[in-house]
Amino acid sequence: MTPFTPISSLIGGLLIGVSTWLMIRWLGKIAGISGIVGQLWSARHSDRGWRFAFVAGLMVSPLIYALAAPLPAVVIATSPPVLIVAGLLVGFGSRLGSGCTSGHGVCGLSRLSLRSLVATLTFMGTAALVVWLLRHGPFQGY
């Protein structure tokens, strides 16, 4: 696994910030992944192009990165059923909260949205609780 470096984190954060700014500036849209993907097929025909381009960029960018440096190894130390349940809960939560961590955490907080602050604190608090339960609580070992 590639060790953490502050420089790579800074560059990644800057790229996320610039791309979300460009999306708001050019399209007037928030870069929330769950909303973009969730409305990919149901959006108006004129909105489908940029949505497909956004998703394609998400899928192609690791391949472009791999041209410059090896991709870090991904190690998932959790069983597939737990991953499936976790994915469904994240999807349900993002629909219930009208957005995901990218929409609320990156874009909403940068716009000083109180709703996004509450959503982000809820995401982060729930994540901390789940990690604690899986490492120290009754679900330890899953």
Side-chain angles (χ1 to χ4, degrees), residues 1-44 47-142:
M1 177 176 227
T2 304
F4 166 80
T5 65
I7 298 298
S8 64
S9 300
L10 178 64
I11 292 170
L14 287 173
L15 288 173
I16 290 171
V18 168
S19 62
T20 56
W21 179 80
L22 288 173
M23 192 158 171
I24 288 174
R25 177 86 171 125
W26 283 344
L27 297 174
K29 305 285 185 187
I30 300 295
I33 308 296
S34 62
I36 292 170
V37 173
Q39 296 177 4
L40 193 59
W41 302 109
S42 64
R44 291 177 299 159
D47 276 352
R48 287 190 187 147
W50 69 264
R51 290 176 191 275
F52 276 112
F54 190 93
V55 173
L58 289 175
M59 298 171 78
V60 171
S61 58
L63 302 175
I64 295 171
Y65 179 88
L67 295 174
L71 290 173
V74 176
V75 178
I76 300 173
T78 303
S79 67
V82 171
L83 288 175
I84 291 169
V85 169
L88 291 172
L89 287 173
V90 168
F92 177 74
S94 66
R95 296 302 290 178
L96 184 66
S98 299
C100 59
T101 52
S102 59
H104 283 300
V106 176
C107 299
L109 289 181
S110 67
R111 297 171 60 222
L112 304 177
S113 166
L114 179 60
R115 183 174 75 115
S116 291
L117 176 63
V118 171
T120 303
L121 290 174
T122 303
F123 295 152
M124 298 305 290
T126 303
L129 176 64
V130 169
V131 168
W132 186 87
L133 287 173
L134 291 175
R135 292 195 178 175
H136 307 289
F139 303 109
Q140 187 176 6
Y142 282 96

How close do [X] and [Y] get, counting heavy atoms only, and between which atoms?
X: Ser116; Y: Gly108; value: OG-CA, 3.2 Å
X: Tyr65; Y: Pro70; value: CE2-O, 3.9 Å
X: Ser98; Y: Arg115; value: CB-NH1, 3.5 Å
X: Lys29; Y: Ile24; value: O-CG1, 3.3 Å
X: Ile33; Y: Ser102; value: N-OG, 3.0 Å

Can you find a pair of side-chain heavy atoms, one from [X] and one from [Y], that are under 4.5 Å apart?
X: Phe54; Y: Val37; answer: no
X: Gln39; Y: Asp47; answer: no
X: Val18; Y: Leu15; answer: no
X: Cys107; Y: Met23; answer: no

Could you measure the distance from the [atom1] atom of [X] to the [atom2] atom of [Y]? Nearest 0.5 Å is fine.
X: Leu14; Y: Leu10; atom1: CG; atom2: CG; value: 4.5 Å
X: Leu96; Y: Thr122; atom1: CG; atom2: OG1; value: 10.0 Å
X: Ser110; Y: Ile16; atom1: OG; atom2: CD1; value: 12.0 Å
X: Leu71; Y: Leu63; atom1: CG; atom2: CG; value: 7.5 Å

Angle class for the His104/Phe123 ring planes (parallel below 30°, perpendicular above 60°, tilted otherwise)?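 Plane angle between 30° and 60°, so tilted.
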With side chain to side chain contact (heavy atoms under 4.5 Å, CB included) as the criterion, how do Thr126 and Leu129 come out once you've worked through the C-alpha distance, each side chain's angles and the decisive distance to 0.1 Å? CA-CA 5 Å; Thr126 303; Leu129 176 64; 5.6 Å; no
CZ (Arg111) with more than 12 external heavy atoms under 6.0 Å: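 Check fails, neighbour count at 12 or below.
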Side-chain donor/acceptor of Ser113 to backbone N/O of Leu109, under 3.5 Å: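 No.
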